[in-house]
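In listed order, ligands and their atoms are each counted from 1.
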Amino acid sequence: MEDRGFQFGDGVYELIRTYHGTVFHLQAHIRRLYESLQQIQIPLAKTPAQLGRIVQSGIERSQYAETKIYIQVTRGAAPRLHSFPKGVLPTLVMTFRELDKIPPKTFKQGVAIISVNDIRWGRCNVKSLNLLPNLLAREHALRSNAFEAIFVRDRFVWEGAGSNLFAVFGKKVVTPPVGPYLLSGITREVVIAIGRKMGLKMSEAKISLDALYRADELFLTGTTVEVLPVIRLNKKTIGSGKPGAVTSLLHKFFQDEVSL
Ligand code: PLP
């Protein structure tokens with residue numbers, strides 16, 4: 001009970017998944033975990049290669065068709081004091097569970113989202129265990145019959161409670177820039193690369209909430225949502241009210257890439 005993850009949310013995490021039993025971009029996820037650890041000064045004694053081997057062995061031992069893996073690292077267990085404890089080893093926990101896939105119907109129909117005020121801290125690039133604002137935002141979305149809540153800070157949209165956001169304006173695909181106000185999703189990076197390979201104009205720029213209503217298409221990306229079309233924002237219809245052509249193409253190319 002003295003673990004600082006429990007006492008303070010003093011730790012970071014990663015969510016990783018498999019496709020056909022192979023981990024999706026394991027190295028990128030492990031790299032991001034070490035970046036988060038470094039940002040909050042947790043000295044994990046394990047090497048990235050050791051972590052990778054534990055992930056692989058957990059997948060083999062759990063024997064699921066597809067696995068979702070949470071890696072959580074906290075500063076360790078020590079009597080409750082704000083100051084960092086000395087001589088304490090970080091706690092490392094991994095869970096392996098069967099992955100629940102989002103039903104194909106959801107991808108076909110698209111989802112509704114809402115916007116919420118971004119009450120998070122100024123280091124959202126750290127994948128911190130402190131998720132209270134994200135939990136409150138997601139709950140608010142679900143109670144509003146929406147799938148996801150997107151955070152708005154100073155008139156600009158940044159990301160969802162557990163996903164990144166993209167907007168399509170004509171032939172241009174825009175997503176908010178990396179920095180302190182969003183987590184650079186691994187799926188986000190993969191989708192940017194896929195879009196560029198397809199010859200689309202992919203750019204990173206701030207998007208105001210007002211501009212978002214005028215987008216032809218919107219979609220979310222993330223480890224579990226993959227490329228998920230958005231058809232309504234705050235009850236207003238986006239584009240034609242159906243998943244758009246660019247989103248559908250990106251979704252298809254993404255699925256092709258992960259089914260290789
Ligand atoms: N942004 C936030 C706040 C998240 O929690 C997540 C995923 O958990 C993402 C973005 C998407 O990241 P990824 O594509 O690595 O799953």
Side-chain angles (χ1 to χ4, degrees), residues 9 11-19 23-37 39-40 55 66-73 94-95 97 99-102 107 111 113-142 146-153 156-167 173 175-195 202 204 207 218-228 230 247 250-251 253-255 257-258:
V12 295
Y13 77 105
E14 274 298 318
L15 165 61
I16 318 179
R17 65 164 289 172
T18 62
Y19 283 100
V23 191
F24 183 67
H25 290 274
L26 177 61
Q27 296 318 322
H29 278 284
I30 290 183
R31 199 177 316 122
R32 188 172 67 182
L33 178 68
Y34 279 84
E35 278 164 17
S36 289
L37 286 167
Q39 286 275 335
I40 64 164
V55 172
E66 297 294 5
T67 316
K68 79 172 177 185
I69 305 115
Y70 277 96
I71 308 177
Q72 277 154 335
V73 186
M94 286 190 202
T95 58
R97 288 185 199 278
L99 180 92
D100 291 324
K101 288 190 193 142
I102 293 179
F107 289 103
V111 298
I113 60 174
I114 59 164
S115 63
V116 294
N117 204 8
D118 197 347
I119 56 168
R120 299 175 302 164
W121 68 332
R123 290 170 74 182
C124 304
N125 52 319
V126 176
K127 202 162 167 62
S128 151
L129 292 179
N130 287 272
L131 287 172
L132 264 178
N134 307 56
L135 307 188
L136 293 172
R138 177 67 60 78
E139 194 59 27
H140 185 39
L142 297 181
F147 182 91
E148 178 65 301
I150 51 163
F151 290 115
V152 181
R153 194 186 292 245
F156 293 97
V157 293
W158 293 96
E159 63 177 339
S163 58
N164 290 111
L165 174 74
F166 285 73
V173 185
T175 191
V178 290
Y181 299 142
L182 62 77
L183 179 80
S184 179
I186 307 299
T187 322
R188 173 186 180 279
E189 303 290 333
V190 169
V191 167
I192 291 174
I194 289 177
M202 308 295 289
E204 295 176 64
I207 312 169
L218 297 179
F219 63 91
L220 303 171
T221 65
T223 296
T224 49
V225 301
E226 304 178 306
V227 176
L228 181 63
V230 170
T247 305
L250 279 166
H251 175 81
F253 276 66
F254 183 84
Q255 291 305 324
E257 184 149 322
V258 296

Practice problem: Note the single closest protein heavy atom to atom 12 (O) of ligand 1, along with its residue, its atom name and the distance in Å. | Solution: G185 CA, 3.3 Å
Quiz prompt | Heavy-atom pair of closest approach, residues S184 and N164 | solution = C-OD1, 4.3 Å
Quiz item: So is T187 polar-close to ligand 1, meaning N/O to N/O under 3.5 Å?
Solution: yes
Self-check item: A161 heavy atom under 4.0 Å from ligand 1
Solution: yes
Quiz item: Is the shortest distance from a heavy atom of N164 to ligand 1 less than 4.0 Å?
Solution: yes
Quiz item: Taking only heavy atoms of G160, which atoms of ligand 1 are found under 4.0 Å from at least one of them?
Solution: 3 (C)
Quiz item: Taking F219 as the fixed residue, which of T175, V173, L228 is the one that meets the side-chain contact (heavy atoms from CB on, under 4.5 Å) rule?
Solution: V173
Self-check item: Verdict with reasoning, I192 to F166, per side chain to side chain contact (heavy atoms under 4.5 Å, CB included)
Solution: CA-CA 10 Å; I192 291 174; F166 285 73; 3.9 Å; yes
Quiz prompt | Shortest protein contact, atom 2 (C) of ligand 1 (heavy atom only) | solution = E159 OE1, 3.4 Å
Quiz item: Mind checking whether I186 has an N or O less than 3.5 Å away from an N or O of ligand 1?
Solution: yes
Quiz item: Is there a nitrogen or oxygen of R120 sitting under 3.5 Å from a nitrogen or oxygen of ligand 1?
Solution: no
Exercise. Answer side chain, backbone, both or neither: which part of S163 comes under 4.0 Å from ligand 1, heavy atoms only.
Key: backbone
Self-check item: Exercise: identify the closest heavy-atom pair between W158 and L182
Solution: O-CD2, 3.5 Å
Self-check item: Ionic contact status for E204 with R188, cut-off 4.0 Å
Solution: yes
Exercise. Kindly indicate, with the supporting measurements, whether the criterion salt bridge (charged side-chain N to carboxylate O under 4.0 Å, His left out) is fulfilled by R32 and E14.
Key: CA-CA 8 Å; R32 188 172 67 182; E14 274 298 318; 2.8 Å; yes
Practice problem: Evaluate whether atom CZ of R123 has more than 12 neighbouring non-hydrogen atoms of other residues, nucleotides or ligands under 6.0 angstrom away. | Solution: yes
Self-check item: Candidate pair V116 and F151, rule side chain to side chain contact (heavy atoms under 4.5 Å, CB included), full reasoning
Solution: CA-CA 5 Å; V116 294; F151 290 115; 3.7 Å; yes
Self-check item: N/O separation below 3.5 Å, T223 to ligand 1
Solution: yes
Exercise. Tell me, please: is S184 in heavy-atom contact with ligand 1, that is, under 4.0 Å?
Key: no
Exercise. Decide whether a cation-pi geometry holds between R17 and Y19; the criteria are a distance under 6.0 Å from NZ or CZ to the six-membered ring centre and an angle within 45° of the ring axis.
Key: yes
Practice problem: Distance to 0.1 Å, residue and atom name: give those for the protein heavy atom nearest to atom 8 (O) of ligand 1. | Solution: K127 NZ, 2.8 Å
Quiz item: Can you list the ligand 1 atoms lying under 4.0 Å from a non-hydrogen atom of R32?
Solution: 12 (O), 15 (O)
